[in-house]
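This one's a predicted model, so the numbers in the text were calculated from it and none came from an experiment.
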Amino acid sequence: MELELRHLRTVRAIADTGSLTKAAAALGLAQPALSAQLRRIEKALGGVLFDRDHTGARATPLGELVLDRARVVLPAVSELQAEAVRFANATGALDRFRLGGTHGPLLGGLVDRMAAAHPSAQVSTYTSWSVGEIASLVIDGRLDFALIGTCGESPPPLPDRLVWEVVGVDPVFVMLPERHPLAGEAELDLAALADEGWADVPGEGCFADCFTAACARAGFAPVSVFETDTASVVHLVQVGRAIGLCRATFPPTPGVVTRPLAGAPLSWRHLVGWHPHSPAADATARTVTGATRAAYTEAVSRSPVYARWLGEHPRFGTVV
């Protein structure tokens, strides 16, 4: 029998779990089938790889040797496969702009600018609530750029494999129905909204936890939080069912007003990411990043409330 990658994965699974029973469950195999496979692997390698008893499985010296090699070979092969897929999917990337976004306010502005600046290039978009999915598609070469947001200072996904550049930092504003008793205030304390229901858009990351923590610091727990799409958040606010949480760049919308929270207890970073070795890197990345900053600056200008607020809070806004 010739040794295959799946055999090395089997050996690694047994070592990682410490028993054949747990390894079989992790690999989706019946334990007798895994035991038989291990015997074939040991026969091919010329010796016993694990000492087994009622307490579990421990690697023998030969097993440690095989594991040392497996822990080098398996990640290398996985990286080779990912790099090959990324390279194959990146063919012709300089003649197209494949943009991925997470339903934020800047994707439309970026598409408009790239299409205007490169009329002969194909501009396409992909959206998802999952920043992890968007980042993985960039890793695989299926997208050229990711336009995402992260809560506060939390890191973007896959920071060791993708280049990320911050283009803007927003405070999180609240969205109120225009007839709300507090709609005329220039700034609101979070505690003043303690008895309200809330609505925001779903997503990965720590935003929900950060919001709950901010409420706790203000002395209350949220009564309810509706996670739904942007249009539904606006509707719930318009009919007085909830207070919305939104980025400060949220555009003016009939029936609602946006207001800053005192002390800016929540913030949101807008980032552009790309693979450092893709054909879309370097000059193209600078072009896309510049266009995203321009789209962000335009979004700020469309929100008079935010534009005025920025004058007194210079740590927010466009990041150059």
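- Around atom NE2 of His235, no more than 12 heavy atoms belonging to other residues, nucleotides or ligands sit under 6.0 Å away.
- Using a cutoff of 4.0 Å between basic side-chain nitrogens and carboxylate oxygens, Arg293 and Glu165 are scored as salt-bridged.
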>> salt bridge (charged side-chain N to carboxylate O under 4.0 Å, His left out) for Arg9 and Glu4? Distances and angles first, verdict last.
In response: CA-CA 9 Å; Arg9 293 189 182 98; Glu4 301 176 12; over 6 Å; no
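- Grouping the Ile, Leu, Val, Met, Phe, Trp and Tyr side chains by contacts below 4.5 angstrom, directly or via other members, places Leu8 with Leu34.
- Checked against salt bridge (charged side-chain N to carboxylate O under 4.0 Å, His left out), Arg52 has the following partners two or more places apart in sequence or in another chain: Glu42.
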> After noting the C-alpha distance and the side-chain angles of Leu106 and His270, does the key distance pass the side chain to side chain contact (heavy atoms under 4.5 Å, CB included) rule?
Replying inline: CA-CA 9 Å; Leu106 305 183; His270 301 277; 3.8 Å; yes
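- When every heavy atom of Arg259 is checked against every heavy atom of Leu188, the shortest pair comes out as CB-CD1, 4.1 Å.
- The distance from atom CG of Leu20 to atom CD of Gln31, rounded to the nearest 0.5 Å, is 5.5 Å.
- Checked by atom type and distance alone, the side chain of Arg269 pairs as donor or acceptor with a backbone atom of Gly152 at under 3.5 Å.
- Going from atom CZ of Phe97 over to atom OG1 of Thr284 covers 6.0 Å, rounded to the nearest 0.5 Å.
- The only member of Thr102, Thr150, Leu158, Leu271 that meets side-chain contact (heavy atoms from CB on, under 4.5 Å) when paired with Val131 is Thr102.
- You'll find the side chain of Leu62 stays beyond 4.5 Å of the side chain of Val48, heavy atoms only.
- The line from CG of Leu143 to CD of Glu133 is 9.0 Å long, rounded to the nearest 0.5 Å.
- Salt-bridge formation is detected for the pair Arg58/Asp53: a Lys NZ or Arg NE/NH1/NH2 atom is positioned less than 4.0 Å from an Asp or Glu carboxylate oxygen.
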> Would Val166 and Val272 satisfy side chain to side chain contact (heavy atoms under 4.5 Å, CB included), going step by step from the backbone distance to the final call?
Replying inline: CA-CA 7 Å; Val166 181; Val272 176; over 6 Å; no
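- Between the side chains of Asp51 and Thr60, not a single donor N or O lies within less than 3.5 Å of an accepting N or O.
- Residues Ser124 and Leu99 have side chains not in contact (no heavy-atom distance under 4.5 Å, counting atoms from C-beta outward).
- Residue Gly244 comes nearest to Val237 through the heavy atom pair N-CG2, 3.4 Å, listed as atom of the first residue, atom of the second, then distance.
- Considering only heavy atoms from C-beta on, Leu193 comes within 4.5 Å of Leu182 through its side chain.
- One distance of note links NE2 of His7 with CG of Leu38; it measures 10.5 Å at 0.5 Å rounding.
- Ring pair Phe207/Phe211 is parallel by interplanar angle, where below 30° counts as parallel and above 60° as perpendicular.
- Contact check for Arg12 versus Leu74: side-chain heavy atoms found under the 4.5 Å cut-off.
- Between the Ser128 side chain and the Tyr126 main chain, no donor and acceptor come within less than 3.5 Å of each other.
- Smallest separation of non-hydrogen atoms from Phe316 and Asp170: CD2-C, 3.7 Å.
- In this structure the side chain of Pro177 never reaches within 4.5 angstrom of the side chain of Gln238, judged on heavy atoms.
- Judged purely by distance below 3.5 Å, without hydrogens or angles, the side chains of His180 and Glu196 pair a donor atom with an acceptor atom.
- In this structure, the side chains of Trp309 and Pro171 come closer than 4.5 Å at one or more pairs of heavy atoms.
- One N or O on the side chain of Ser278 and one on the backbone of His275 form a donor-acceptor pair closer than 3.5 Å.
- No more than 12 heavy-atom neighbours from other residues, nucleotides or ligands sit within 6.0 angstrom of CZ on Arg241.
- Linking Ile, Leu, Val, Met, Phe, Trp and Tyr whenever their side-chain heavy atoms come within less than 4.5 Å leaves Leu266 and Val223 in two separate clusters.
- Inter-residue side-chain proximity for Leu176 and Val256 is flagged as unmet; no heavy-atom pair is nearer than 4.5 Å.
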> Would Glu64 and Leu49 count as a side chain to side chain contact (heavy atoms under 4.5 Å, CB included) if you check the C-alpha gap in whole Å, the side-chain angles of each, and the deciding distance to 0.1 Å?
Replying inline: CA-CA 8 Å; Glu64 291 289 356; Leu49 300 182; over 6 Å; no
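- Met175 and Phe173 are members of different hydrophobic clusters when ILVMFWY side chains are connected at heavy-atom separations under 4.5 Å.
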> Between Thr230 and Phe250, is a side chain to side chain contact (heavy atoms under 4.5 Å, CB included) present by the stated rule, with each step listed?
Replying inline: CA-CA 10 Å; Thr230 302; Phe250 192 82; 3.8 Å; yes
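- The hydrophobic cluster containing Met114 also contains Phe145, counting ILVMFWY residues as joined when their side-chain heavy atoms lie under 4.5 angstrom apart, directly or transitively.
- In the model, Asp229 has a side-chain atom that pairs as donor or acceptor with a side-chain atom of Ser232 under 3.5 Å.
- Side-chain atoms of Thr10 come within 3.5 Å of backbone N or O of Arg6 as a donor-acceptor pair.
- The line from CD1 of Ile134 to CG of Leu162 is 11.5 Å long, rounded to the nearest 0.5 Å.
- In terms of heavy atoms, Pro157 sits closest to Trp164 at O-NE1, 3.0 Å.
- Clustering ILVMFWY residues whenever any of their side-chain heavy atoms sit less than 4.5 angstrom apart, transitively, puts Leu110 in the very cluster that holds Leu137.
- Between Ile148 and Pro156 the shortest side-chain heavy-atom distance falls below 4.5 Å.
- The shortest heavy-atom contact between Pro265 and Leu261 is CD-CB, 3.7 Å.
- The nearest pair of heavy atoms linking Arg113 to Ala291 is CD-O, 3.3 Å.
- A donor-acceptor pair under 3.5 Å is formed between the side chain of Ser301 and the backbone N or O of Glu298.
- Look at Asp144 and Arg98 and you find a salt bridge, because one of the NZ, NE, NH1 or NH2 atoms lies within 4.0 Å of a carboxylate O, short of that distance.
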